[in-house]
Number of protein chains: 2
Amino acid sequence: MSLPHAILTSLAEKPGSGAELAQRFDKSIGYFWQATHQQIYRELARLEERGLIRSAAREATRGRKRDYAVLPAGLEELARWTVLAQDPLPVRDALLVRLRAVAVMRAGSAPGDTARAVMRAELARHRGLHEQQLSLYQGVEGDDFTAGSGAQAQNTPDLRLQRAVLRAGIMFEQAWVNWADETLPTLEH
Amino acid sequence: MSLPHAILTSLAEKPGSGAELAQRFDKSIGYFWQATHQQIYRELARLEERGLIRSAAREATRGRKRDYAVLPAGLEELARWTVLAQDPLPVRDALLVRLRAVAVMRAGSAPGDTARAVMRAELARHRGLHEQQLSLYQGVEGDDFTAGSGAQAQNTPDLRLQRAVLRAGIMFEQAWVNWADETLPTLEH
DNA sequence: AGTCTTTATGCAACTAGTTGCCTTAAGGAG
DNA sequence: CTCCTTAAGGCAACTAGTTGCATAAAGACT
């Protein structure tokens with residue numbers, strides 16, 4: 001279970017409120033472990049209860065904003081967790097299940113032909129989404145990991161590791177686009 | 001939610017008992033949508049209640065084996081579901097979260113250096129797992145999708161589509177291995 | 001001042017997935 | 001003919017994730 005540790009990591013990179021965290025989960029760390037604001041607020045409450053983070057109300061701001069920051073015990077927990085052996089999560093891809101479902105429908109039958117046409121469109125649509133994500137990642141790589149980039153504060157995270165994570169995103173999105181290009185002709189009649 | 005449809009698909013490919021389905025979920029369809037035997041039995045009960053599949057006790061067999069088969073209403077439901085637009089599930093990869101966690105630990109500090117060493121080993125281990133999965137897929141591709149393969153019964157699933165699904169597995173595992181090879185040097189000191 | 005909108009937080013109820021243990025029934029070993 | 005093992009099915013309790021809605025506080029609109 002990685003959500004509390006994803007939150008600890010994100011707070012260790014930069015403290016902030018629940019809403020700010022939720023925004024970061026819509027990009028950055030959330031590209032590899034997403035969460036809704038509900039999950040985030042619940043985890044923040046649990047983490048504070050366990051003494052791993054602390055919070056304080058922020059004045060002169062909208063809503064009831066609170067700032068969260070990691071405590072030393074939180075960093076220890078993070079260090080403890082990262083070194084545990086963990087197997088990769090199995091893949092879950094509904095589109096591949098759907099393709100197999102279409103494979104059992106007779107081509108030539110009405111539902112089979114409709115399904116094939118829809119899947120062709122879906123595949124093209126997904127290709128577009130993955131390509132978009134890909135160029136987003138490539139943009140980040142260009143912005144953050146080129147020669148004259150800033151971030152020379154004392155708490156600098158290891159840029160090489162951050163880049164490696166980004167590269168993973170790039171390679172998987174690229175693989176997805178390549179697969180779609182290879183597969184689309186199969187669905188053309 | 002794809003589990004009931006993954007089960008319908010699997011039963012449409014070939015009827016069988018809950019235990020047989022569970023075995024198929026450990027390979028084949030389960031490579032893209034896994035489930036435990038508990039989930040499978042529960043879903044089978046629900047699907048039968050909804051009138052999408054039927055079951056019959058099988059005699060002269062161990063345990064209380066029942067055979068399940070898809071009913072026409074089940075095929076209709078499957079056709080209905082496949083043509084719904086569905087966005088890709090976001091990626092969830094704990095190893096990438098862990099790498100970001102390591103990135104915020106100071107290299108040179110004891111926990112930071114330990115974590116880097118452990119992650120190097122973990123990355124190598126995961127690379128091995130993915131390479132194993134890759135050659136498994138490549139084996140299946142060689143066995144099932146070469147010239148003189150059997151399967152000419154009337155209910156033949158579309159082999160081109162089944163192959164496309166398998167190719168997705170191959171390309172993603174390959175991407176994983178490639179990324180690991182690119183990233184491992186970053187963790188060498 | 002009063003209403004409307006936006007931001008931030010949160011509760012409650014639900015669905016999905018996991019884990020540990022248990023029962024039923026057959027096959028085989030002594 | 002009992003005991004042990006294996007296969008098949010399942011209950012109960014738990015953890016994780018989702019959804020819909022509610023509340024609080026600040027700013028904008030009139």
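Every value quoted in this text rests on a predicted model; they were computed, and no experiment measured them. Reminder, nothing fancy here: chain letters follow the sequence lines and each chain counts from 1.
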query = Is it true that a side-chain atom of B/Arg92 and a backbone atom of A/Gln34 form a donor plus acceptor pair closer than 3.5 Å?
reply = yes

request  = Starting at atom CZ of B/Arg66, determine the distance to atom C1' of C/dA26, rounded to an integer number of angstrom.
outcome  = 17 Å

task = Decide whether B/Gln133 and B/Tyr137 meet the rule of one side-chain donor and one side-chain acceptor closer than 3.5 Å.
result = yes

task = Consider only side-chain N and O atoms of B/Ser28 and A/Arg100, and report whether a donor and an acceptor are under 3.5 Å apart.
result = yes

request  = Take atom OH of A/Tyr41 and atom C1' of C/dT9, then tell me their distance rounded to the nearest Å.
outcome  = 5 Å

remark   = In whole angstroms, the gap separating P of D/dG10 from CG of B/Leu44 amounts to 9 Å

request  = Kindly state which residues belonging to residues 77-87 of chain A come within less than 4.0 angstrom of DNA chain C, counting heavy atoms of the residue only, listed by number.
outcome  = none

request  = Nearest whole angstrom, please: distance from the C1' of D/dG10 to the CD of B/Glu49.
outcome  = 15 Å

key: Annotated protein contacts, base or backbone, on nucleotides 12-25 of chain D with a non-hydrogen cut-off under 4.0 Å, one of B, S, - each   = ----SBBBB--BSB

inquiry  = I need the CD1-P distance between A/Ile40 and C/dT9, as an integer number of Å.
reply    = 10 Å

query = Measuring from B/Leu71:CG to B/Leu8:CG, what's the distance to the nearest 0.5 Å?
reply = 10.0 Å

note = Here the pair of heavy atoms bringing A/Arg98 nearest to B/Val83 is NH2-C, 4.4 Å

query = B/His130 vs B/His126 aromatic rings, parallel, tilted or perpendicular, using cut-offs 30° and 60°?
reply = tilted

query = Is a donor on one side and an acceptor on the other found under 3.5 Å between the side chain of A/Arg24 and the backbone of A/Lys14?
reply = yes

ask   = For the side chain of B/Asp113 and the backbone of B/Gly108, is there at least one donor-acceptor N/O pair under 3.5 Å apart?
value = yes

